[in-house]
Amino acid sequence: MNTASIEVENVRFHYGRRRALDDITFTLVSGAFNALLGPNGAGKTTLFGLITRLLSLQQGDIRVDGQSMSKHPARVMRQLGVVFQQSTLDLDLTVAQNLHYHAALHGMSRVRARERIQVELERFAMADRAGEKVRKLNGGHRRRVEVARALLHEPRILLLDEPTVGLDPKTRRELNDHVHELSHEQGLTVVWATHLIDEVRPDDNVIIIHEGRILAHASSHEVCRDLGSPDLVSAFAHLTGDVEAAAL
Ligand SMILES: Nc1ncnc2c1ncn2[C@@H]1O[C@H](COP(=O)(O)OP(=O)(O)OP(=O)(O)O)[C@@H](O)[C@H]1O
């Protein structure tokens, strides 16, 4: 059974007088890959900031499995695994040390942490790198470690903000494939923010955000069908009027 995993209701957000989000409302269905697609400045990071409580809600509400973020912040946060746009790994610690630190923050016992770290590193084919300093890893491997870390406490929702920035096309594709698999095989709800249209597959749910507003929300192929567009690049350009961003 699908349950609503994240509901964003009438969320508005301003930085001073600058409006970043304008009355955003959407509901994600759990167990699916959801792409939050918009050009730079669309409001994706602001929305992430609100969902992860880095920013305080000014108006509206966000609920995770029916629990209001403002009323039950700790319960809501336990459900979330987050990969931020900028890496937050400590470069001078080993892969395992970074993960153990995170597990400790989530109150995991040492034994449990070891088990979970092993499982997640194996999933990302990184188990043999556990003893290496993060500084020695390439960008793609660092990102894999960050996703593994975000999954340690077995969240039901994985949020990733532009996770492929700075990666070469092959590594980008691999990471995107990995996370798609996670969503399909584990029933994990994924929210993948990106400005890159080729990271969205026809079956993914896509939320197109532009200048702080939602312009479309459906599966990618439905968005194309409804607009009579041959592909998401044309649909995106049609909706946003931003041909350059669509071509990225
Ligand atoms: N700290 C801030 N102070 C003022 N304005 C901001 C701040 N952060 C973001 N903005 C503005 O809010 C709007 C939304 O920005 P946001 O970073 O959420 O977009 P984005 O889609 O994540 O883009 P990017 O991928 O470039 O971060 C933009 O107009 C941006 O200039």
Side-chain angles (χ1 to χ4, degrees), residues 6-28 33-62 64 69-70 76-77 80-89 139-140 142-143 146-147 150 157-169 171-173 175-176 179 189-201 204-218 220 223 232-233 235-248:
I6 299 189
E7 294 162 78
V8 174
E9 191 175 78
N10 301 122
V11 167
R12 290 193 165 86
F13 192 88
H14 286 80
Y15 294 97
R17 297 182 62 184
R18 182 191 282 265
R19 186 184 61 204
L21 296 177
D22 185 12
D23 204 9
I24 297 276
T25 296
F26 62 83
T27 300
L28 299 180
F33 188 102
N34 300 274
L36 183 63
L37 179 67
N40 290 336
K44 304 180 296 295
T45 299
T46 303
L47 192 53
F48 259 71
L50 292 170
I51 297 174
T52 54
R53 299 191 74 235
L54 284 176
L55 297 171
S56 303
L57 276 169
Q58 295 170 345
Q59 217 178 314
D61 198 12
I62 297 176
V64 173
M69 175 146 266
S70 27
V76 167
M77 291 307 286
L80 307 180
V82 185
V83 177
F84 290 104
Q85 197 170 117
Q86 301 296 331
S87 172
T88 56
L89 295 168
R142 289 182 193 182
R143 273 314 198 188
E146 289 206 287
V147 182
I157 299 165
L158 178 64
L159 301 156
L160 308 101
D161 189 6
E162 300 264 9
T164 60
V165 162
L167 301 182
D168 61 69
T171 313
R172 212 153 64 69
R173 219 173 19 255
L175 186 68
N176 187 266
V179 176
T189 302
V190 171
V191 185
W192 175 288
T194 186
H195 66 281
L196 299 166
I197 297 174
D198 66 352
E199 294 185 347
V200 186
R201 295 182 182 174
D204 292 342
N205 291 309
V206 64
I207 296 170
I208 296 181
I209 182 168
H210 185 58
E211 295 178 351
R213 295 204 177 114
I214 305 277
L215 302 186
H217 180 198
S220 171
V223 170
L232 195 58
V233 173
F236 185 86
H238 178 102
L239 285 166
T240 62
D242 194 342
V243 179
E244 260 176 54
L248 281 174

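When a ligand or atom number is given, it counts from 1 through the structure's own listing order. Each residue takes its place number in the sequence, starting with 1.
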Legend entry - Shortest reach to atom 21 (O) of ligand 1 by a heavy atom, considering only K44, E211, H14, H195: K44
Legend entry - Protein contact to atom 25 (O) of ligand 1 [nearest heavy atom, distance to 0.1 Å]: N40 OD1, 3.4 Å
Inset, instruction - Find the distance between CZ (R12) and CD1 (I24) and round it off to the nearest 0.5 Å. - result: 10.0 Å
Legend entry - Minimum-distance protein heavy atom relative to atom 29 (O) of ligand 1: R18 NH1, 3.2 Å
Inset, instruction - For K44 and L36, indicate whether the former's side chain and the latter's backbone hold a donor-acceptor pair under 3.5 Å. - result: no
Inset, instruction - Any chance you could measure I6, atom CD1, to I157, atom CD1, to the nearest 0.5 Å? - result: 4.0 Å
Inset, instruction - Please report which non-hydrogen protein atom sits nearest to atom 27 (O) of ligand 1, along with the residue it belongs to and the distance in Å to one decimal place. - result: T45 OG1, 3.3 Å
Inset, instruction - Find all atoms of ligand 1 within a distance of less than 4.0 Å from any non-hydrogen atom belonging to A42, and give their numbers and elements. - result: 19 (O), 20 (P), 21 (O)
Legend entry - Protein residue, atom and distance nearest to atom 4 (C) of ligand 1, heavy-atom basis: Y15 CB, 3.4 Å
Legend entry - Sub-4.0 Å heavy-atom contact, G43 with ligand 1: yes
Legend entry - Distance from atom 23 (O) of ligand 1 to nearest protein heavy atom, with residue and atom: G41 N, 2.7 Å
Legend entry - Nearest atoms (heavy-atom pairs only) where Q58 meets F13: OE1-CA, 3.3 Å
Legend entry - Spacing of CG belonging to L37 relative to OG1 belonging to T194, to within rounding of 0.5 Å: 6.5 Å
Legend entry - Residue T46 vicinity, atoms of ligand 1 by number, heavy atom under 4.0 Å: 14 (C), 15 (O), 16 (P), 18 (O)
Inset, instruction - Please report the shortest heavy-atom distance between G43 and L21, naming the atom on each side. - result: O-CD2, 3.6 Å
Inset, instruction - Under 4.0 Å from a heavy atom of E162: give me the atoms of ligand 1 that qualify, with their elements. - result: 25 (O)
Inset, instruction - Could you tell me the separation between the CG atom of L50 and the CD atom of Q59, rounded to the nearest 0.5 Å? - result: 12.0 Å
Legend entry - Distance-only side-chain donor-acceptor flag, T164 / N176, under 3.5 Å: no
Legend entry - Non-hydrogen atom of P39 closer than 4.0 Å to ligand 1: yes
Inset, instruction - Return a yes/no value for A20: is any of its N or O atoms, backbone included, closer than 3.5 angstrom to an N or O of ligand 1? - result: no
